[in-house]
Amino acid sequence: MPFTIATWNINSVRLRAGLVGDMLKQHAPDVLCLQETKCPDDRFPLGEFRKLGYGHIAIHGQKGYHGVAVLSRHPFATQESRVFCDRVDCRHIGVTLGPEAGGAAGVTIHNFYVPAGGDIPDPVANEKFAHKLAFLDEMRAWCGTARPGSGRSILVGDLNIAPLENDVWSHKQMLDVVSHTPLECDKLVAVQGEGGWVDAMRQLVPEPEKLFTWWSYRAQDWALSNRGRRLDHVWLSQELAGALGGMTIVRDARGWERPSDHVPVLVSLDV
DNA sequence: ATGGTTGTCATACAA
């Protein structure tokens with residue numbers, strides 16, 4: 001049975017609810033995980049998504065910053081949000097799909113928004129970078145103790161790191177740029193290893209092919225310069241990895257009217 | 001080496 005999961009850093013869900021609707025209509029994933037909703041829970045535009053068939057919505061938001069949400073065609077059996085680094089930041093929400101989800105019944109989905117980490121790649125000089133590294137250490141510990149990568153589970157989100165050489169437009173020129181420094185890349189790979197997670201996008205499109213999911217707003221012409229990064233990820237547990245079908249990066253979405261700087265990534269499974 | 005843009009909230013700050 002086909003099951004499609006999508007992840008998208010939307011950079012304000014209220015401003016871009018229309019774009020989310022367009023994406024849902026065009027690509028019809030079973031589940032969409034959003035990051036950077038920037039929206040308190042009582043102001044989330046539930047109605048617009050319910051109309052499109054996404055009647056089950058788990059939200060974990062706050063005013064102005066961060067915020068994650070899961071929109072689903074299928075009911076959830078459970079949902080939870082984890083706290084990382086003892087902060088109130090809304091950076092994680094996890095759901096388990098109920099028995100109504102057919103072949104995907106019982107699958108757990110973890111939706112993450114990892115801290116961006118500021119501009120200076122030095123944890124001493126830059127508290128934000130220190131926070132990012134601590135967050136990754138805590139994610140790794142959680143993968144070791146809670147074993148979220150055991151069973152049938154998926155981890156998606158804006159992890160704010162492009163770990164492989166061809167996850168950025170220029171490996172050499174990005175080595176000192178936060179999102180591609182060896183320190184944070186190693187930590188992300190360690191999280192992945194600790195949990196036994198499989199990088200779905202790279203299973204399907206191995207290096208050295210370039211893969212990007214984000215292009216800066218600051219570029220004069222994002223498509224022409226194409227200085228992208230792969231900051232958004234879909235990881236599968238070993239048990240689900242065999243079900244991997246296809247992958248779509250909706251690059252067009254970067255050119256839509258008033259776009260997010262991230263584009264949706266969809267992964268389909270045969271469950 | 002520098003500055004380039006966007007969103008939120010209210011004038012900086014985070015990304």
Side-chain angles (χ1 to χ4, degrees), chain A residues 7-23 33-45 48 59-69 84-85 87-92 111-123 125-136 139 156-163 167-170 172-181 183-185 187-188 212-233 251-265:
Chain A
T7 180
W8 194 7
N9 177 318
I10 195 59
N11 187 17
S12 173
V13 71
R14 278 175 289 173
L15 189 66
R16 289 188 239 283
L19 293 188
V20 174
D22 292 344
M23 193 283 274
C33 296
L34 295 172
Q35 305 86 34
E36 272 208 279
T37 54
K38 296 186 173 176
C39 178
D41 291 350
D42 60 4
R43 302 195 58 190
F44 197 94
E48 313 203 21
I59 48 180
H60 185 220
Q62 65 190 88
K63 186 176 169 185
Y65 302 103
H66 324 309
V68 287
F84 286 82
C85 301
R87 301 212 186 189
V88 294
D89 294 4
C90 299
R91 295 185 180 275
H92 168 265
N111 177 15
F112 274 93
Y113 176 49
V114 171
D119 291 330
I120 304 162
D122 172 357
N126 173 10
E127 184 279 328
K128 293 194 198 75
F129 193 62
H131 176 217
K132 183 178 199 175
L133 299 178
F135 193 99
L136 292 164
M139 268 180 94
V156 304
D158 176 6
L159 305 184
N160 264 316
I161 295 171
D167 290 343
V168 292
W169 64 279
S170 166
K172 254 187 162 170
Q173 286 174 261
M174 287 287 297
L175 278 168
D176 287 324
V177 177
V178 171
S179 74
H180 194 63
T181 65
L183 186 54
E184 63 196 298
C185 291
K187 284 189 185 290
L188 187 69
F212 305 146
T213 65
W214 173 93
W215 292 262
S216 173
Y217 283 127
R218 296 177 189 176
Q220 225 162 43
D221 184 332
W222 70 273
L224 183 67
S225 59
N226 197 29
R227 295 186 169 190
R229 308 178 195 174
R230 184 172 72 113
L231 302 180
D232 303 276
H233 299 268
R251 192 179 193 270
D252 297 6
R254 186 61 181 79
W256 291 352
E257 178 114 23
R258 284 264 247 166
S260 169
D261 45 357
H262 296 250
V263 300
V265 178

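The figures here come from the full heavy-atom set of this structure, side chains too, leaving out hydrogens, waters and symmetry mates. Here is how names work: the chains are called A, B, and so on, in the same order as the sequence lines, proteins then strands, and each is numbered from 1.
Place A:R14 and A:D158 on DNA chain B by their nearest nucleotides, and A:R14 ends up nearer the 5' end. Between A:A116 and A:R258, it is A:R258 whose nearest contact on DNA chain B lies nearer the 5' terminus.
Note on A:H66: only backbone sugar-phosphate atoms sit closer than 4.0 angstrom, heavy atoms only; bases stay farther off. Within the 4.0 angstrom heavy-atom criterion, only backbone atoms of the sugar-phosphate kind lie near A:R16; the bases stay farther away. Within the nucleic acid shown, A:Q220 has no heavy atom closer than 4.0 Å to any nucleic acid atom. Using a 4.0 Å heavy-atom distance criterion, A:R43 is classed as making no nucleic acid contact.
Rounded to whole angstrom, the span from the OH atom of A:Y65 across to the C1' atom of B:dA10 amounts to 11 Å. Taking atom CG on A:D221 and atom C1' on B:dG4, their separation rounds to 14 Å, with Å as the unit. Protein atom CG of A:N11 is 12 Å distant from nucleotide atom P of B:dC9, rounded to whole Å. A straight line from CD1 of A:I10 to C1' of B:dA14 spans 18 Å, rounded to a whole angstrom. Atom C1' of nucleotide B:dA14 and atom CZ of A:F129 are separated by 16 Å, given to the nearest angstrom. Going from atom CG of A:D261 over to atom P of B:dT8 covers 12 Å, rounded to whole Å. Rounded to whole Å, atom P of B:dA15 lies 13 Å from atom CD of A:E184. Atom pair A:N126:CG and B:dA14:P shows a separation of 10 Å (rounding to whole Å applied).
Taking the C1' atoms as reference points, B:dA1 lies 25 Å from B:dA12, given to the whole Å. Across the P atoms, B:dT2 and B:dT6 are found 23 Å apart, a figure rounded to whole Å. As rounded to the nearest Å, B:dT5 and B:dC9 have P atoms that lie 22 Å from one another. Using P as the reference atom, B:dG3 and B:dG7 are 22 Å apart when rounded to the nearest Å.
By the 30° and 60° cut-offs, the orientation of the rings of A:Y113 relative to A:H66 is tilted. Between A:F112 and A:F135, the ring-plane angle classifies as perpendicular under the 30° and 60° cut-offs.
Of the candidates B:dT5, B:dT8, B:dA14, the closest approach to any side-chain atom of A:K128 belongs to B:dA14.
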Run the side chain to side chain contact (heavy atoms under 4.5 Å, CB included) check on A:E48 and A:V20 step by step: do they pass? CA-CA 9 Å; A:E48 313 203 21; A:V20 174; over 6 Å; no
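Between B:dT6 and A:S12, no contact under 4.0 Å exists linking OP1 or OP2 to a side-chain N or O.
For the pairing with A:D158, the side-chain hydrogen bond (donor to acceptor under 3.5 Å, both in side chains) check across A:N11, A:N9, A:T7 returns one residue only, A:N9.
A donor atom on one side chain and an acceptor atom on the other are found under 3.5 Å apart for A:Q35 and A:N111.
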